[in-house]
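Here's the structure, in structure tokens; my notes come after.
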Amino acid sequence: MLWILFSAGVLIAYAVTELSIRLSLRRGVLDVPNDRSSHSLPVPRMGGLGILSGFYLSIAALGVLEQLGFVQNGPFSRDILVVLVAGAGMAATGLADDLHHFEPGTKFLMQFGIAAMVVAFGIRIEHAALPAWGPLDMGVFSFPLTILWLIGFSNVYNFMDGINGLAAGTGAVYGIFFFVFAWLEGNPGLAAIALLLSGSSIGFLFHNFPEARTFMGDGGSLFLGMVFALLVVRLTQQSSNPSCLGALLLLCSVYLYDSGFTLIRRLRRGENIFRAHRSHLYQRLVMAGLSHVMITNLYLFMQVLMGSLAVTYFLSSRPMRWWILGFASIVFLVFTLGVHRIENRVARSSEETRDNPARSSHQGEPHN
């Protein structure tokens, strides 16, 4: 039954996204290119409505089937309702920002209120474990740590929504892997949320990749970021496996690495980290000339790889976890060095063109 609703979510998201494109064009809600954009023409930016519709309507259908007795252990426990409400609140915040362009401070306060509400209802990171230590009790630090995580990852997801297919493709991949983790933990409610979130992301993806007819906007990206962040917190909180948090962070590590590496690089350069930029690794690849399709496929491949490593990490002994983390570190090192190499090659090519304009002017001429 759950897979039928998954398919229904794909179809609903696809149909509503099509309607949102027409609505965006009619209301003039367009993402106009600027010097930080990766697109050259105005694009509708209310596609997140499709993701929200596919997800919440399929969740509602699952609840109805539970009441009718066709499904047991549906997705409407108290804690899961908090997840659904918090996700809706973050979606509303993002959608309002898409329409009215809030000041950053206003947007942050709204996000803080949503995260604080989640913590007030008892959903928080209470314990964690690292390979070098046993389980750690977060104590009073669980409150600020959870709020920081929820707000931080929601915005990380938003920042990474910059090229065709990346955020929606990530939603599809994350949803499947979170479904696996929830299934391993015996939590059917969270498993349903994860799987249906994957389906709604796929339905939107048809309109966003390889060519982008619409963007999901902050309403979509902040929503996805918040729900996935909440899944990390709730699965960790109810898990008896001390490696759960580490495994889930490994699943999210591609986004976390790109954003963390970019932040540290900007701090070392003395840049204003609150100013808009195009310094993410995926943005640097775009500026180096790689296509959106190539970059998105590369990132999705790495996410599937990290998700597979995360499941292995979750099921492995402590010594094996060190090997997994070491391998993941090598992957990110090779990826970063690859970005630098591509940039250097492009820079050398540009210098050669400037130094040899005559040679450049003859390139592309037919040979006798």
Side-chain angles (χ1 to χ4, degrees), residues 48 51-52 55 79-128 138-162 166-167 170-171 174 178 190 193-194 197 216-237 245-246 248-264 266-267 272-277 279-280:
I51 297 175
L52 295 168
F55 175 69
D79 290 343
I80 291 176
L81 282 174
V82 173
V83 172
L84 296 175
V85 171
M90 190 62 84
T93 299
L95 184 59
D97 185 50
D98 288 332
L99 295 173
H100 304 294
H101 303 291
F102 293 147
E103 291 294 326
T106 301
K107 192 174 176 181
F108 172 78
L109 286 176
M110 297 173 73
Q111 295 174 353
F112 180 84
I114 295 168
M117 179 272 293
V118 170
V119 173
F121 275 93
I123 298 178
R124 57 184 182 269
I125 301 172
E126 297 175 322
H127 56 270
M138 295 293 102
V140 296
F141 295 104
S142 67
F143 296 91
L145 181 63
T146 303
I147 291 176
L148 179 63
W149 164 251
L150 294 177
I151 296 175
F153 191 72
S154 297
N155 284 284
V156 162
Y157 208 102
N158 184 34
F159 297 153
M160 296 296 292
D161 179 26
L166 182 54
T170 298
Y174 278 6
F178 274 106
L190 293 182
I193 285 178
L197 203 57
M216 66 174 65
D218 287 5
S221 59
L222 286 174
F223 163 72
L224 289 173
M226 173 58 81
V227 176
F228 286 130
L230 285 165
L231 289 176
V232 170
V233 175
R234 191 66 189 104
L235 283 169
T236 300
Q237 187 178 31
L245 179 59
L248 295 176
L249 292 179
L250 185 58
L251 169 59
C252 301
S253 61
V254 175
Y255 270 18
L256 293 174
Y257 177 79
D258 190 314
S259 298
F261 178 86
T262 301
L263 176 63
I264 294 172
R266 297 189 72 205
L267 286 171
N272 183 352
I273 62 173
F274 298 104
R275 181 175 298 171
H277 63 94
S279 302
H280 283 282

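Residues Leu166 and Tyr255 are in side-chain contact: their nearest non-hydrogen atoms beyond the backbone lie under 4.5 Å apart. Between Arg124 and Ile147 the shortest side-chain heavy-atom distance does not fall below 4.5 Å. Side-chain contact check for Leu224 versus Met216: some heavy-atom pair is nearer than 4.5 Å. Put simply, the side chain of Met117 reaches to within 4.5 Å of the side chain of Val82, judged on heavy atoms.
Between the side chains of Gln111 and Asn155, at least one donor N or O lies within less than 3.5 Å of an accepting N or O.
Scanning all heavy atoms of the two residues, the minimum distance from Gln237 to Ile123 falls at OE1-CA, 3.6 Å. Across all non-hydrogen atoms, the minimal contact from Cys252 to Val232 is SG-CG2, 4.3 Å. Listed here is the closest heavy atom pair of Met160 and Asp258: CE-OD2, 3.6 Å. Scanning both residues, Ser221 and Asn158, for their nearest heavy atoms gives OG-OD1, 2.8 Å. The two residues Ala194 and Leu231 have their closest heavy-atom pair at CB-CD1, 4.3 Å. Nearest heavy atom pair, residue Thr236 against residue His127, reads O-NE2, 3.2 Å.
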inquiry  = Could you walk me through whether Phe143 and Ile125 satisfy the side-chain contact (heavy atoms from CB on, under 4.5 Å) test, starting with their C-alpha distance in whole Å, then the side-chain angles of each, then the deciding distance to 0.1 Å, before giving a yes or no?
reply    = CA-CA 8 Å; Phe143 296 91; Ile125 301 172; over 6 Å; no
For this session: With side-chain contact (heavy atoms from CB on, under 4.5 Å) as the test, would you mind laying out the steps for Leu222 and Tyr157 before giving the verdict?
Result: CA-CA 7 Å; Leu222 286 174; Tyr157 208 102; over 6 Å; no
Practice problem: Check the pair Phe178 / Leu248 against side-chain contact (heavy atoms from CB on, under 4.5 Å), numbers first and verdict last. | Solution: CA-CA 8 Å; Phe178 274 106; Leu248 295 176; 3.8 Å; yes
Q.
Working note: Met226 + Ile151, criterion side-chain contact (heavy atoms from CB on, under 4.5 Å); need CA distance, chi angles, decisive distance, verdict.
A. CA-CA 7 Å; Met226 173 58 81; Ile151 296 175; 5.8 Å; no
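The distance from the CD1 atom of Ile193 to the CG atom of Leu197 is 8.5 Å, given to the nearest 0.5 Å. With rounding to the nearest 0.5 Å, the separation of CG in Leu150 from CE in Met90 is 7.5 Å. One distance of note links CG of Leu95 with CG of Leu52; it measures 8.0 Å at 0.5 Å rounding. To the nearest 0.5 Å, atom NE2 of residue His277 and atom OG1 of residue Thr262 are 6.5 Å apart. Going from atom CG of Asp218 over to atom CG of Leu99 covers 10.5 Å, rounded to the nearest 0.5 Å. Atom OG1 of residue Thr146 and atom CG of residue Leu230 lie 10.0 Å apart, to the nearest 0.5 angstrom.
Taking the centre of each ring, Phe153 and Phe228 stay at or above the 6.0 Å mark. Ring to ring, Phe223 and Phe55 are close: their centroids are under 6.0 angstrom apart.
In Phe121, the CZ atom is not crowded: 12 or fewer heavy atoms of neighbouring residues, nucleotides or ligands sit closer than 6.0 Å.
His100 contributes no side-chain N or O that, together with a main-chain N or O of Phe102, makes up a donor-acceptor pair within less than 3.5 Å. In this structure a side-chain-to-backbone donor-acceptor pair under 3.5 Å is present from Arg266 to Asn272. Using a distance-only test at 3.5 Å, with no hydrogens or angles considered, a donor-acceptor pair links the side chain of Ser142 to the main chain of Gly139.
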